[in-house]
Amino acid sequence: MLAAYLATGLFFMLLPGTLFGVAQLLTISASHTPAAADAGWVQAHGHAQIFGWLGTFILGIGYYAIPRLRSAAWSPLAAWSTYVLWTAGVTMRWAVGTWPWHWRILFPLSGALELAAVVVFCASVFLARSGAQDQKWRTSIIMITAGGCGMAVAGGLGAWQSFLVAGSGDAPLFSFEFNQRYLVLVTWGFIVPFIWGFSTRWLPPLLGLRKTLRSLLVPALAVLGIGVVTALTGAPLLASVLLLVSAMLFVLALRLWQPADREPKLRGVHASTPWFLRLAYGWLVVAALLAVASASEPLPNGWAGASRHALTVGFFTVVVFAIGPRVLPSFLGVGSIWSPRLMAAVLLLANVGCSLRVVSQVLAYEGISQTAWSLLPVSALIEMFAVGGFVLNMMMTFTTGSRAEFVEDLQGEAGLVVQS
């Protein structure tokens, strides 16, 4: 089940998410204006990245991990039902955005399928009766549950809006104003809490961090939630400041940028992994800072796109590229990642490409430098090579990796018990 989710997520990341995104950026660069890109294609590309790649990964890992964290049973029927509904909905949404064939029927249908998948997932992993759970996991479960709530709200709001658009709109795309608020919900309200929840269990042992300041975790989550709600109500400046405060609180709570006090557990991955994970959380703070700058000017502006890219590539992508090669092979019973050197190269390319994209987008879109327009496709190609390298490394790991001679108990290291 997990392998099916991961393979599907990799497909969405590589083809609809990355290749079509590069094509749109080439068009924007050649025309020297973001308006040159087809709005339907841009939204379809973003949907494939957030829902198709990250959402599919989260659902698969959620079915694998959350019942274990809650000491609850999981349902194979629910997992496969979610997979079919979710994959069909996301694929339909991407296809309709790029080729609007019978879109007044298929556009709302895609939203309904995604919402149904989320309902099945949340009912199965969050509402299932649980046994006695370890108190040290309570905060992690709270954060992951908050991510599940954000996912449910995003699914419901997206389905509702797709029905409205199908009834009175001219094309299968959300309005600019709604989409700006919706993006805050699906990124900061859905993806970020999930990553935070698993980070509280995985990062301290992986990086050898000092004892987590747990008293700051729930306040960080609360400020994050208030920030997302504030963005939805139409106060972007206050919302972005709250998101910045929440990001700083979480980094301080995990003590990510303080010296480690024990040896990191990096079996099978590149030694540079701790540095890239710390850098990923630096991108989280940068994304919030850029959001503050964006909220200080009228939309659209270059700061908004740079903020989203810092969040989606700098934070989301780098975290997955750094943690995935460590935990996913263990989940699937494989000894280690196929190539630690390729892993390091992928992480380096992702950060270089993201840095170039964030800087050039601000310079180009804000009219500061005409040369920056030619740097946009360069950044996209660098990131495309990073994505391709990650997909190659993971697929080679899953298909050619040997079963581990022993099954490591990840109870203290990753909050999971991996069984052969």
Side-chain angles (χ1 to χ4, degrees), residues 8-9 12 16-17 20 24 37-56 58-59 62 78 81-124 126-127 146-191 193-194 225 228-236 239 299-300 308 312:
T8 302
F12 277 113
F20 281 81
Q24 289 299 301
D38 182 86
W41 277 53
V42 171
Q43 289 191 18
H45 152 72
H47 199 84
Q49 283 284 55
I50 299 298
F51 286 78
W53 170 37
L54 293 167
T56 305
I58 285 174
L59 289 171
S81 298
T82 298
Y83 174 80
V84 172
L85 292 168
W86 183 260
T87 304
V90 174
T91 303
M92 191 179 299
R93 173 68 174 85
W94 169 71
V96 168
T98 55
W99 184 37
W101 179 75
H102 290 295
W103 69 270
R104 292 193 187 276
I105 297 175
L106 299 181
F107 190 59
L109 179 59
S110 67
L113 290 172
E114 291 174 356
L115 178 59
V118 172
V119 169
V120 174
F121 171 76
C122 291
S124 178
F126 293 116
L127 300 182
C149 293
M151 188 181 198
V153 174
L157 191 58
W160 173 72
Q161 187 68 17
S162 66
F163 274 92
L164 293 181
V165 171
S168 59
D170 298 324
L173 64 139
F174 297 150
S175 67
F176 177 79
E177 181 179 352
F178 172 82
N179 195 52
Q180 295 301 306
R181 301 181 187 186
Y182 187 64
L183 287 173
V184 176
L185 173 62
V186 298
T187 53
W188 290 92
F190 162 29
I191 305 293
F194 268 112
V228 172
V229 172
T230 303
L232 291 175
T233 59
L299 289 174
R308 283 194 296 271
T312 56

task: Using the side chain to side chain contact (heavy atoms under 4.5 Å, CB included) rule, take Val186 and Ile191 through it: C-alpha gap first, then chi angles, then the decisive distance, then the call.
output: CA-CA 7 Å; Val186 298; Ile191 305 293; 5.9 Å; no
- prompt: Nearest heavy-atom pair of Ser110 and Gly89: which atoms, and what distance?
  reply: CB-O, 3.4 Å
Aromatic plane relationship, Phe190 with Phe194 - under 30° parallel, 30 to 60° tilted, over 60° perpendicular: perpendicular
statement: Contacts of Arg308 meeting salt bridge (Lys or Arg N to Asp or Glu O under 4.0 Å) (sequence neighbours excluded), chain-then-number -> none
- prompt: Which atom names give the shortest non-hydrogen contact between Gly111 and Ala159, and what distance separates them?
  reply: O-CB, 3.5 Å
field: Nearest non-hydrogen partners of Gly150 and Leu185, listed with the distance
entry: O-CD1, 4.4 Å
message: Tell me whether Arg93 forms a cation-pi arrangement with Phe174, defined as NZ or CZ under 6.0 Å from the six-membered ring centre and within 45 degrees of its axis.
response: yes
- request: Could you tell me which non-hydrogen atom of Gly9 sits nearest to which non-hydrogen atom of Thr56, and how far apart they are?
  value: N-CG2, 3.9 Å
Ring geometry between Phe178 and Tyr182 (parallel below 30°, tilted from 30 to 60°, perpendicular above 60°): parallel
Heavy-atom closest pair, residues Pro172 and Val165: CA-CG1, 4.5 Å
- line: All heavy atoms of Thr230 vs all of Thr233, minimum pair found to be O-OG1, 2.7 Å
task: Please tell me if the side chains of Val118 and Trp86 come closer than 4.5 Å, counting only heavy atoms from C-beta onward.
output: yes
- request: Go through the structure and list residues passing side-chain contact (heavy atoms from CB on, under 4.5 Å) with Ile105, not counting sequence neighbours.
  value: none
message: If you apply the rule side chain to side chain contact (heavy atoms under 4.5 Å, CB included), what do you find for Gln49 with Thr312, and how did you get there?
response: CA-CA 9 Å; Gln49 283 284 55; Thr312 56; over 6 Å; no
